[in-house]
Structures are given as C-alpha cells and as structure tokens.
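Structure first, commentary second.
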Protein chains: 2
Amino acid sequence: MSILNLFNKSRIEVHGKMLTYSFSDTGSDSLYQHLYKCIKNDILARNLRAGEKLPSKRSFAKNLGISVITVENAYAQLISEGYLYSVPKKGFFVSDISMLPSGAAFGQNSTTRSLSDAARQTNITNSARMSNSADVGDTTELTGLSSPLIDLTSNQTDIRNFPFSIWAKLVREVLNENQQELVTNPPCGGVRELRSAIARHLKDFRGISVAPEQIIMGAGTEYLYSLLIQLLGFDKTYAVEDPGYRKIARIYEKHRVACRHVPLDESGVCVSALEESGADVLHLSPSHHFPTGLVTPISRRYELLGWASRAGSRYLIEDDYDSEFRMSGNPIPALQSIDLSEKVVYINTFTKTLASTVRISYMILPRHLADRFYRELSFYSCTVSNFEQYTLAHFIENGSFEKHLNRMRSYYHKKRDLLIDRIRQSELAPRAVIREENAGLHFILELQTTLSDEEVCKRALQKGLRIAALSGFYARLAPGVEHRFIVNYSALPEEQIDGAIRILCESIG
Amino acid sequence: MSILNLFNKSRIEVHGKMLTYSFSDTGSDSLYQHLYKCIKNDILARNLRAGEKLPSKRSFAKNLGISVITVENAYAQLISEGYLYSVPKKGFFVSDISMLPSGAAFGQNSTTRSLSDAARQTNITNSARMSNSADVGDTTELTGLSSPLIDLTSNQTDIRNFPFSIWAKLVREVLNENQQELVTNPPCGGVRELRSAIARHLKDFRGISVAPEQIIMGAGTEYLYSLLIQLLGFDKTYAVEDPGYRKIARIYEKHRVACRHVPLDESGVCVSALEESGADVLHLSPSHHFPTGLVTPISRRYELLGWASRAGSRYLIEDDYDSEFRMSGNPIPALQSIDLSEKVVYINTFTKTLASTVRISYMILPRHLADRFYRELSFYSCTVSNFEQYTLAHFIENGSFEKHLNRMRSYYHKKRDLLIDRIRQSELAPRAVIREENAGLHFILELQTTLSDEEVCKRALQKGLRIAALSGFYARLAPGVEHRFIVNYSALPEEQIDGAIRILCESIG
C-alpha cells in the first residue's frame, strides 16, 4: 500500500482502483468536512482528474468506515461548489476545472471571480427560480432522508394547481376541431390565434398595447434569450442585475457574448453604474426583482428608458416573469407600455402561471426589431408545438386563463399569509424579519444568526430543507445582505410549513 | 411632377407618397419583369431605402394601370431574391442590403457568393425541406390564383396522415394518469420515459445501441444545433454539405461561427475537400442526402470516421432526418452505430415521422460529450413540454409509433409509385428522367428543357406550382446539375398529381 502525504493533514491511499483517505487526524473538522477537503484538494492538485469517476457512496462509505450520509454530504457540497458532477444512473465524476481560467469554472467568463464565487453561482443555478436539479446534484437523493425534502427554492407547480380538467377538455376540442390547423406550419413567430389572444390579454390585464405580429412565441424564455442575442448582436455587451437570476448570465456566457453585472440600489438598476459598464443591452425584472423582491419605481423606469434612448444600440429586456401574481399595491406600468422609443423587449412566460413543465414563453419586439426578426430570423421554425399553442389560445380566449390566474393569486395569497402567520407565531419569530412580501411568489426572510449563510443552508439541507441565501445571488457581495434567505413558497405544500419553520429554527444555531 | 431618369430604361416618379414607374418603354421585358427591374434598381441605387414600405399590391396596380397579378409577381420575385420582405398584415418592405457585404445579403458570411447566389439561397431557405413560408413571402397569396398552390417543396403533414384518434386517446390517458409527472420538472435532457422509449426504438429499428442518458430532447433540430454549437465550441469551424440543406448553414452563420461548404462526389462528402476546408465539425445526412437523395456507402462512412478520428476537436453530426422512410435496398448502418471513437452526434426528429408542427427532436451524444453536456449545459430547461413528451413516450411504448411508421411507409411508397407512373404515362415522359427515388420522401426529376432553372420555377409558380431546382442548393455551382428539380411528394395530395405534371409540361417550354 503506497501512502502519499499530500496536504499535511489528509492522506490519499490508492489500492487497486479504490480511493481512500485516512481519518486519523481530522483536526476540528467534522468527518464530512474532512472528506470534502480531502477530495477537493486532490481535485485541485490534479490527483483526481477531470472525468474521473468517484466511488459509489455506499462502497466509499464502507471502505472508509464512515456512514453513507457523511459521504453524501461531502459529495453534495462538492457538487454544489462545482468540483464534482453527477450523471444519472452512472455516478459521480470530477469536473473539468483545468480548462477554465481561475475563478471561471462552469463557463463563467469573468476572470475576477474566485472559485468560491463561481461555486456559489453554480449552487444558485442549480437551485433557484427555475430549478432543474434532476440531472445534476439531486439533493433529494443526496440528503439520504426518508421524508421528502422541503424545498424553498423550487418553482414546480403543485399538482393540485394545474387546471387539468379544463385543459383536458380543450385539448380534446382542439384535436377534434382544429385538425387542419394542427398540421399546418405556423408562422415563425407562432400560431396567430395564440398571439392575438395574448395581445388581448396583455391589453386587458397589463395595459400593454401591441400587435400580435410583435409577439414571438418560444419554448421557454431561455430559448428567447438565444434568439435575442442573434437579433441584437453577438458583438453587443449585455448587462444583468447584481444580484440577479444567474441563469441569464450563464446563457450570455455560453453564447460567448460580453456580459456585465450591474449593481442595484434601493430603486433598482443603478443608472450611473449601468452607464459605466459600457453595456448596450440591459436585462432586468422591474416589476418584481429576483431575488430581492424589489419593485422599480416609475421614476427609475423613466431614467432607464432615458439611458436606452441615448444610443441606437441600446435596449432594455424587461423580464416580467411573475407580474401576474403581484399581491398588493398599485401595479406600476410595464416599461414596455411607457416606451415611446422602441427600446424595450418585453418577455413573459406561461411556465410561472400554468406549470413549469409547459414550455411556452413569448417576447414582444418593438416594431423595428419585429421587422428585423422577420427579415433575418424567420427561417427558424417556431419551437412550440401547434397542439399546445392552440390549446393555450383557447384557454385564454374562453376566459379560463383569467379565472385560473385569479384562483392562483388567491391561493398564493392565502399560502403566503399562512406561512407568515405561522412564522410570526413560532419560536423563530423573535429572530425573523420578513421583507418584500407584496410581489410575486417569494419573500425575503432575515434571520438573526451568528452562523454564515452557507452554514445555515448546509445545516438546513442536512435536516431536509433546501433554502437559498440572498448573498448567493451576488456576483460582487454588497454589505448588509447576509442572513437573508429566499422563501419561494409557490411549491411549498401547506403540510410542510411547520416542518420548514422547525428546521430553520434548528439551523440558525 | 418630378421625373428622374435613372437607368435609361425605367423612370421613377414620386408624387405625394406614391411610387410610380413609367411603362412606356419596357423593351423585350414583360410588364412584371419591367416592374421587378425598376424596383430592384431603385433598391440597389438606394432610392428605396431599407425598411421603406412599398405600396399595397392593389393600390400600386391601380396607380400603374396594370393588373394586381403583375405586381404580385414582381413582389414575389423580389421577395424570393431577398430585396423585399413581407410582414404579415403590414405589407411589403425594402430589405436592408446596405449593412451586408456584397453577395452576403441575409446574413450569409461568405464574401465570395454573388447576390444572385444569396438570393437563390434565400429562395431555398423559404421553400425547402422544412418550409416555413407563412411569415415571409407567402407565395400562396402572391400567385393570386383561386385554385390552391400545388407545393412540391412542402414538408407539411397531410391531415389524413396524422394519427389523431390514437394521439387523442393517449393525451387523455396521460392527463388522467400522469398528473404528478406532468408538473414535475424533467431532467435537462428530457423525460426519462421518452428517452428510454427512443433508445429501445433505435435499437430495434436502426441498430443503434445507446443509453437513455445519451439522448437529449429538444424543440426541433434547429434548437439542438444551437445547443451543439455551445457544446462543441463557438471557436470551431463547421462544415456543411454542398449542395445541402441551407438552413443549417444559416444557423451557423447566425451564431457567428465559421462555416465552410464542402462539395460532394458520387459517394457523399469528399474527404480530401473536407480535410482542406480546415473544418472541425461536419454536418451531414449520409442515409439520405438532401436534396440529391444520395446514400453514402459504407466505405465512405468509414473514411469520414477516419477523418474525425485524426484530431480531438473533430466530430460528425449525423442528421438522420428521414431514415424511417427508406423505400428499398439494405439499410446501411448509421455512422453512430459504427463509431467506436465517440465522434458521432446523431440527430433525428419526430417532425418528419409525426407532423412538422410537433416540435420534438433529439440528439444522441457520445458518452464524453454527454458528460460535458451535463457538466456545462444542464442549467438549461428541456424545451419540449412534458405533456407532449409523455404522450409521445406512450405512443412509442405501446407500439403505435411502429404501426404509424409502417402505415406511412406504405402510404408514401404508393404515392411515389403513383406519381412516377403518372409521370411515365404523361406527355412529360419523353423529356423526364427520375433519379434517386429509393430513399426518403423526395426524388430528383431531370427535365429536358432549354430554359434556365430559375425560369422553369418561375413559370411553374405563375401557373400555381411551387417546385425547387437542385441547382438552387449549391453554394458553388457544380457542372451538370441544371434541369434537375426536387419533387417532395410527402405533402402532395393525390388529386393534385395530374395538375402538377401538366404545369411542369407547360413550364419547360
């Protein structure tokens, strides 16, 4: 048995193909922390190379003489930091950190962020707003708990909230009555009936007045961002909000276009910082910022439109992703509806209002961009199936969508009130402040704790609760954002509320 | 009235906002040709600027004292050559040819092609394989005929061929029985049940043995190409077949990646030319080349695999888009199934086998690329709705897909035989040779004529038949490809066969 003392505190031993570590001197670390550090060091030292398969949790635990949960926790931590990735049914593998510049793991093209920032970012991408964790780093499995994970980061639709019976009725009608339309190639922008229905809905509901031809349907907003890069230009510089929904930045980075993070102040995107960033295109969510919950006031909206008007290449991409669920207060007009200079591309989605698994989103292009779209990109086929476009068109047209929205708003309102009430009545109350609870489907919970945000999230996860910290959504950490956690309650079943509060209490030390 | 003699043969007159031309001296040109040339010259001379709206067909015809059909034909020609574009319900507009280098209209980044080549290319993009002409240059409207256009370029599914009743039954079952699955976010690669069903189908039908995890679902192949560019690299050089399906090249060009056109010889992609092109990635359709119908023999397949193996960055993208409809002869193994070096990405789609409006395609990644996909791109949500993924999974699993394929194969077989019989019995017979009729859903019709291909297509269109010439699919014209026309019979109703043959007879002079 060859023994290689690598880091003065861990030992790596290789016999046959089995990787082992010594646990004789773990210092003040827990077993899981020790194992986490050993593997991480071996990856950084290239003793474990990209693509190399790690032992299964069970065999590794047996070999090391520790519990499976300890291995699971170490793997979960390494996955969340991007050192490992999991392939369904295959196992755990070492990420390729060597091909990327320092601090730029996972295709981030910034050279200033540290690896831990990149890791934090990955954590976010895997857990936030539109979480899609089934392929990589499935924490449900990793926590190894028999009770189901309570997930305050999920956007998944509760099965009780999807309007199955009316949807089934409409699908049946469409399949009976619209057969010719169903097999007829739609315009590249999508089925006309659906775009007209959306235009009418926007006029009634959001005060947005557009021609159906300005509406372009796409299979999810992510796809629309890709189309927008092709439309606005690969040579443009794109700006995203900091903090913000990190998937947007990843999409820009994966398309190899320049991307800047612009800080927010108390009114939203800071215009002077935006000016300094050199950005051409700003992506923002003014009606309900993710994750802070901030609503950009009308004055700042005009300032941002002013910024956009000062150069021909400048545009605002207004992501209005959950404006339908605004809880109280006067709705502020969409940027799109006060834009007289054709500077705003408005994006919205039915993944929030219907189900995250229904991939129907749309963008509204200003007229000159719509013209450019038809001229340059009309060779693309619409990515949404006709079957779902016609079903949704009928769903909107016959009033079902409005009814569904009202029902959901009331449902989310009640759930939010219930959750807040329970928090206020719980032992968490003296240590909790609830912020930004009036818009959208999440709020910010500020907790009094001496533990780091990472430690709180980790402890909660070990006890079966997934929650994300606000600090994790910053590219550059601002002061005073610690101890704030994002409570996405849209997918939280009522029966899990007390469990969630109890785990939070236990996790803040 | 100011008169401006611009081109010695046309006169442009502007009074108020109405554009007019003199028809007093049209030389040997027809009225429509004269009008076409006048407008084209004004666009080239920048008298008509990008984005400028042209008069409506009706008012223009009235003002010029000519028939609406003459205006329609001139507009149709200008649209097909890319000088104009139409916006649904808005009208006809001048394209922006000024921002593009000569010969590179419509975002083609080659600087060697002439404008007429680019125009030919546009014509193709609007009409071929997966035609999507509803938004721009809708010839049905432009021909102004009362009888429906006969379209030999369409891929649209005949309403009689979509399995509506079984599909409706399965949708109903899925909506009843799979509610939890329907609202649960699938893995980024797609719903596991569907990927497993496809893996089993490929094994049984195509001799392709893959793990479901290697299969990535996407809303159409166009979307998958975009994912592949992100996976294989924006810095790579991509090669496409010349002649070939031009939409692929446009997608590469719209993503601003280097794209080369590699000529074919009698066995498929010419390996020496491929080597010279400096390409890293070759996109090809070896089982049934579009548009020539060529089937790449096994020897060339091995040569291409050899080429790919000689450098780490090299890959083959095998587009197997209509292999299910091979009519006769021994099927040749897919490149994917003889690839031992993980060099082949296999792509196929259900838009050909089910309906062009069902946007479900998939790619099979070699294992190391699948790993890279999960590592780098798993933050993307799957673009296909769960509802259709589960319905299709059941459709494949319960044997309906196989039955449907058999029925369609037999249907297409009969239609092809009928069409060929009718051609052979018609007055066209002495002047027609039919080529490459044994694979896929189109064949090549070689016609004896002294007219140019453009002229034949134009005459046919004026008489109500849309057909594309093989020569239109070449980036660099090879000798001996004239007078060959592509007959895509998949969407041709039987009752239109005689009309199509009659119009072809009348169009070849």
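Owing to the predicted nature of the structure, the values given are computational and were not obtained by experimental measurement.
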Practice task
Might you work through the salt bridge (Lys or Arg N to Asp or Glu O under 4.0 Å) test for B/R367 and B/E342, ending with a clear yes or no?
Solution key: CA-CA 7 Å; B/R367 287 194 175 272; B/E342 303 202 359; 5.8 Å; no

Practice task
Report the option among A/V171, A/L182, A/V358 that has the most heavy-atom pairs separated by less than 4.5 Å from atoms of chain B.
Solution key: A/L182

Problem - Heavy-atom side-chain contact between A/W167 and A/L354 under 4.5 Å - result: yes

Handout entry: Portion of A/E213 that has a non-hydrogen atom of chain B nearer than 4.5 angstrom
Key = side chain

Completion exercise
Turns out that what part of B/I229 lies under 4.5 Å from chain A's heavy atoms comes down to neither

Handout entry: Atom group of A/L231 that falls short of 4.5 Å from chain B, counting heavy atoms
Key = neither

Handout entry: Validation row: A/I360, A/T351 side chains within 4.5 angstrom (heavy atoms)
Key = no

Completion exercise
Bottom line for A/S165: the part with an atom under 4.5 Å from chain B's heavy atoms is neither

Practice task
Would you please indicate yes or no on a ring centroid separation below 6.0 angstrom for A/F350 and A/F395?
Solution key: no

Problem - No-hydrogen, no-angle side-chain donor-acceptor test under 3.5 Å, A/S226 and A/H255 - result: yes

Exercise for the section: Examine whether an atom of A/V174 lies under 4.5 Å from a heavy atom of chain B, and if so say whether it belongs to the side chain, the backbone or both; otherwise answer neither. Expected result: neither

Completion exercise
Comparing A/S356, A/G220, A/A211, A/G218 against chain B, the one with the most heavy-atom pairs below 4.5 Å turns out to be A/S356

Practice task
Using only heavy-atom distances, determine whether the side chains of A/Y380 and A/Q230 contain a donor-acceptor pair under 3.5 Å.
Solution key: yes

